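These notes are about the structure you will find just below.
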Amino acid sequence: MPTKFSLKSWKARIALLLAVIGPGFITANVDNDAGGIFTYSLAGAQFGYTLLWLMIPLTISLIVVQEMAARMGAVTGKGLSDLIREEFGFRLTFFVMVTLVVTNFGNVVAEFAGIASSLELFHWSKYIVVPVAAFVVWALVVRGTYQSVEKIFLAASGFYICYIVAGLLAHPDWKAAAFATVTRPEAAGIRNYSYLTMVIAIVGTTIAPWMQFYLQASVVEKGVTARQYRASRWDVILGCIFTDVVAWFIIVACAATLYANGHHDIADASDAAQALRPLAGEYAYLLFAAGLFNASLFAASILPISTAYAVCEGLGFESGLDKKFHEAPVFYWLYTVLIVAGAGVVLFPRLPLIYVQYITQVANGVVLPLVLVFMLLLTNDRELMGDHANSRGFNIVAWTTVAVMIVLTVLAALTRH
Amino acid sequence: MSLVALSELLGATVRDATGSVRGRVREIAIAPQDHPTRIAYLIVNTTDGERVLPSSALKSCGATVRTVDNASDWDRYTASDGVLLLKRDLLDQQIIDVHGRKVVRVNDVELDSTPVDSHVVLSVLAVDVGTRGAIRRLMQGLVPAFTMRALLDKIPPRVIPWQYVDLLETDPARRVKLKIVYEGLSKLHPADIANIVEDLPPAERESVFETIDEEVAAEALEEIDPRVQVSIVESLDSDRAADIVEEMDPDAAADLLGDLTEQTSGEILEEMEPDERREVRQLLEFGEHTAAGRMTTEYVAISDVSAVSDAVEALKSFEGSREALVTIYLHGISYKLVGAVPLVKIAISPPSTPLRELSEPPVSCAPDTPDDEVAALFDKYNLVTLAVVDEHERLSGIITADDVITMLRHRR
C-alpha cells in the first residue's frame, strides 16, 4: 500500500527531526542570546576578521564541554549541582552556587538589557517594556505555559539564518575571512587589554557556565539514559556547530559592514542592526529588533528558572514548579528576585545597555574555568561514570580550555591601565 | 546523653589512653547487621595508615575523641561492603523522609553519645536537613566553637528522626547487606510513593521498584507519570516487571504495556501468568482513548436471581481494586446485563432480599465510545462506575470514576 508507506516515511522524517531537536539544540539556540549577539557583533566591528581564528578551537572546546554535561546527565540521571554537592560537600557547593547566582544574575540583566535595546529601535520606552517583559517571563514559567511557548521561541530562532544570508550578501572578503579563520593569532594581542577581554567574552558567551547546568538538567529531565545517549550526543554536537556557524557569520557580517566602513564601535542597537543592511536594507533594524527580542526573551525565560533549580538542588532546598509557594519558598523567591532585580537594574537611567551585555559575557568567561574544573573532576570519576568516564582527548581539550581561560584572565588583569 | 554532630566528629583529633594524639577521625561506620543505630567503629587516619577504633573503646566524643585503650590495639582498616559509612553514604546524599513524604538532602547527622559504665555508646539519632546543619557545615573551622554554638542555638532545628529515614542504595548486593528494604516508604500511600519516586534519579527509582513488595509497587506504579512509568519498567528485569504488572489493574497494565516498545511488552507478557496475560492482551487490542481502552475487566457480576447474601459472598471473593466494588452488576439470560446494584443498598438490606428488588437500570456504553462521551455519561448520570457492553449486551468491563478523573486531568 503506497499511501501507508509514504505516511510512515513522513512520520519517520518528523521523528528524526524531533530526535535531533533535543536539549542540545535548544541549549545551542539559547546560547546565541542578547549577550552573544552583541559580543559577536562587537568582535566583528572592533576587530574585523582578526578574531576569527578563535572559532575553530572554540567550537571544539564547546563540543567537548557540552558533551561532558550531557553525558553526565545521561549516565548519572542527576543535575550538575546535585553531583557537585554529593561529591564535594556543602561548603564548596555553597561557594559555587553563590558564584553561579552572581554570574547568572549578570546574564539575566543582560537579557533584559537585550529586550530594552531591541525595543529601543521602535522608540519604545524601557521603563514600560522591561517591567512588562519581566512579568510575562515570570508568569510564563510559573503558569507552566513555557513548555508550549518553547517551540515558538525555537522557530523564531530561525532569525539567525538572517545573519548567514546577510553575511553572504555583504560581499565580505571571503579569502581574508577564510584565511583569518585558519591562521594563528597575532602575538601582539596578548598585550592588548581590549583584545584580551574580547577573547574572554567570546569564550564566555559561547561556553557560558549556566548553559552547562541547564543542558545537564534538560538531559536528565528528558530521561535520556546511558543506553540512548548516542542519539543525544549528535544533538549536542550539531547544536554546538550551529551556534558557532551563526557566531562566525555574525562576526563576518559585522566586519564586512561596520568595520569595513570605519564604524569601529557599537554604541546602541541601531549600530548593530547595520550588519543586516545587506539583507534587509532600510528595514534591517526591524529584522534585528525582532531577532534580538526573541533571543532575549527566550533566554530570559530559561536563565532565572534554571538558576533557581540548580541552586535549590545543590543546597537541598525544596524546588519545582509543582510545589506551592509556601512549600518551596527559597525556590520561588530566588526565581522572583532574579527576574525583578534583573529587570530593575536595566531601569537605571542612562545605563549603558550594550556595555552591560558585553561585560556580563566577560564575567562568564572568567567564571568558566571554575565550573569546568568541577565538571572535569566529575567526568573523570570512574566510580560515578563507569565506562563513560572522560577519554584522554576530552581531558586534554577541556583542561587546555581551563588553563587558557585562567591565563587570559590573568593577562587581562595585568594589561589593564 | 549528649548530642554531637557528624560534621564535628569528622576531622576531630583522637587521643588514646596515654593522652597523646594518635590521629583524626575520617569516617564513622554502622554495621546494620549487628545493630541498626549504634556506631560500630570509627575509622581513624593515623601516621600508620587507617585504623579501626571500635566504639566500645570510646571514652568521650566531641571536638576531641578520647579512648580507653591504646592506639596499638586498633586493627588496620580494610574496606567492607557491609557497613554504612556516614560520611560517604549519608552526608550530602539524598534520603527519603518517610514522615514528611519527600526526598531530602542530608546536611548533617546528629549522633547521641551516652555514657555506659566506663565508655560511651554512640548511636545515630537523626539527620539534619535544615539550615542549622547547613550553617554548621559552612562555618566549621572558620569561627570559634563558642560563637558557632551561640549562632546555631538561634536556628530552629529541622531534623528527621532516624526511624523515619529510608536510605537509598542502588547496588542490590549492598542493599541486602545493609538491610535496606524501603520499609518506611512501602507503608506510605501509593500516591505518596509515586510522588517520591518521581523526584528520584533513575537508578534510585529502579532500586525502589526492585525492592518493595509487588503489590505496593503495582499500586504506586499506577499513580506515576506515564513517561516515568515506561522508564522504570524498561529498567527492570522482565520477570520482575511481569510480577508487578500482574498486580496492576488490567486497564492500567494495558495502558502501560501499550506505551512500551513491542519487544519489551512482549517479554513482559511472556513472563506473566496466563490469566492476567489474556485479560491484558484483550485490553491492548482496543484504542487507548475509547471506553474499552479505559475499562477494567475486574468487576463483580452475578445472576439476577441471586439475593443479597450471594452478593456479599461475591464481594468477599473479589480480588480486584476497591474502586470496582461500588457497583454489583446483574446478568440475566445468556449473560445479558440487566441491572446494577449500588454497594450501599447491599449494606443496608437484609441478606435474603432478592437483588432484583434493589436493582437500578444499568447505564452502559459500547466499547468504541470515545473518551469525551464516556466523561459526559459520568457527568449526566452522576456515575461512580460505567458498564461497557459488547454487541450482545454482555458486560465486557467497567470504567471507574477515578480513571475518568485521571483522563480529564491529563487532557488539559
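The sequence lines fix the lettering, A, B, ..., with proteins before strands; numbering per chain opens at 1. What you see is a predicted model, and the numbers here were worked out from it, not measured in a lab.
- Considering only heavy atoms from C-beta on, B:R137 stays 4.5 Å or farther from A:T93 through its side chain.
- From B:T131, atom OG1 reaches atom CG of A:L315 across 11.0 Å, with rounding to the nearest 0.5 Å.
- Taking a 6.0 Å sphere around CZ of A:F135, one finds it holds 12 or fewer heavy atoms contributed by other residues, nucleotides or ligands.
- Within the 4.5 angstrom heavy-atom criterion, atoms from both the backbone and the side chain of B:Q140 approach chain A.
- Shown here is A:W138, whose CH2 atom has no more than 12 heavy atoms of other residues, nucleotides or ligands within 6.0 Å.
- Interface remark: B:L91 contributes no atoms to any contact with chain A (heavy atom separation under 4.5 Å).
- Of the two parts of B:V230, neither the backbone nor the side chain holds a non-hydrogen atom closer than 4.5 Å to a non-hydrogen atom of chain A.
- Heavy atoms closer than 4.5 Å to chain B are found nowhere in A:E87, neither backbone nor side chain.
- By the neighbour-count criterion of 12 heavy atoms within 6.0 Å, atom CG of A:D387 is sparsely surrounded, having that number or fewer from other residues, nucleotides or ligands.
- Looking at A:T76, only its backbone comes within 4.5 Å of chain B, counting heavy atoms on both sides.
- Counting heavy-atom neighbours within 6.0 Å of B:R149 CZ, excluding the residue itself, gives a total of 12 or less.
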For residues 190-200 of chain B, which side-chain N or O atoms pair as donor and acceptor with protein atoms under 3.5 Å away, sequence neighbours left out?
residue, atom, partner, partner atom, Å
B:D192, OD2, B:R101, NH1, 3.3
B:E198, OE2, B:D225, N, 2.8

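- In this structure, the portion of A:F94 lying under 4.5 Å from any heavy atom of chain B is its side chain and not its backbone.
- Residue B:D92 holds its CG atom at 8.5 Å from CZ of A:F90, rounded to the nearest 0.5 Å.
- Contacts of B:V103 with chain A are made by backbone atoms alone, with heavy-atom separations under 4.5 Å and no side-chain atom involved.
- Taking all atoms of both residues into account, the shortest heavy-atom contact from A:R85 to B:N107 is NH2-OD1, 2.7 Å.
- With a 4.5 angstrom heavy-atom cutoff, B:K102 touches chain A only via side-chain atoms.
- By the side-chain contact (heavy atoms from CB on, under 4.5 Å) test, A:E221 pairs with B:R227, sequence neighbours left out.
- Interface summary for chain B: among A:G89, A:G79, A:G320, A:G316, the most heavy-atom pairs under 4.5 angstrom belong to A:G89.
- When heavy atoms are compared at a cutoff of 4.5 Å, A:D322 does not approach chain B at all.
- Interface remark: B:A134 contributes backbone and side-chain atoms alike to the contact with chain A (heavy atom separation under 4.5 Å).
- B:R105 has a carboxylate O that lies under 4.0 Å from a charged side-chain N of A:E86, or vice versa, which qualifies the two as a salt bridge.
- Scanning both residues, B:P201 and A:G77, for their nearest heavy atoms gives CB-O, 3.7 Å.
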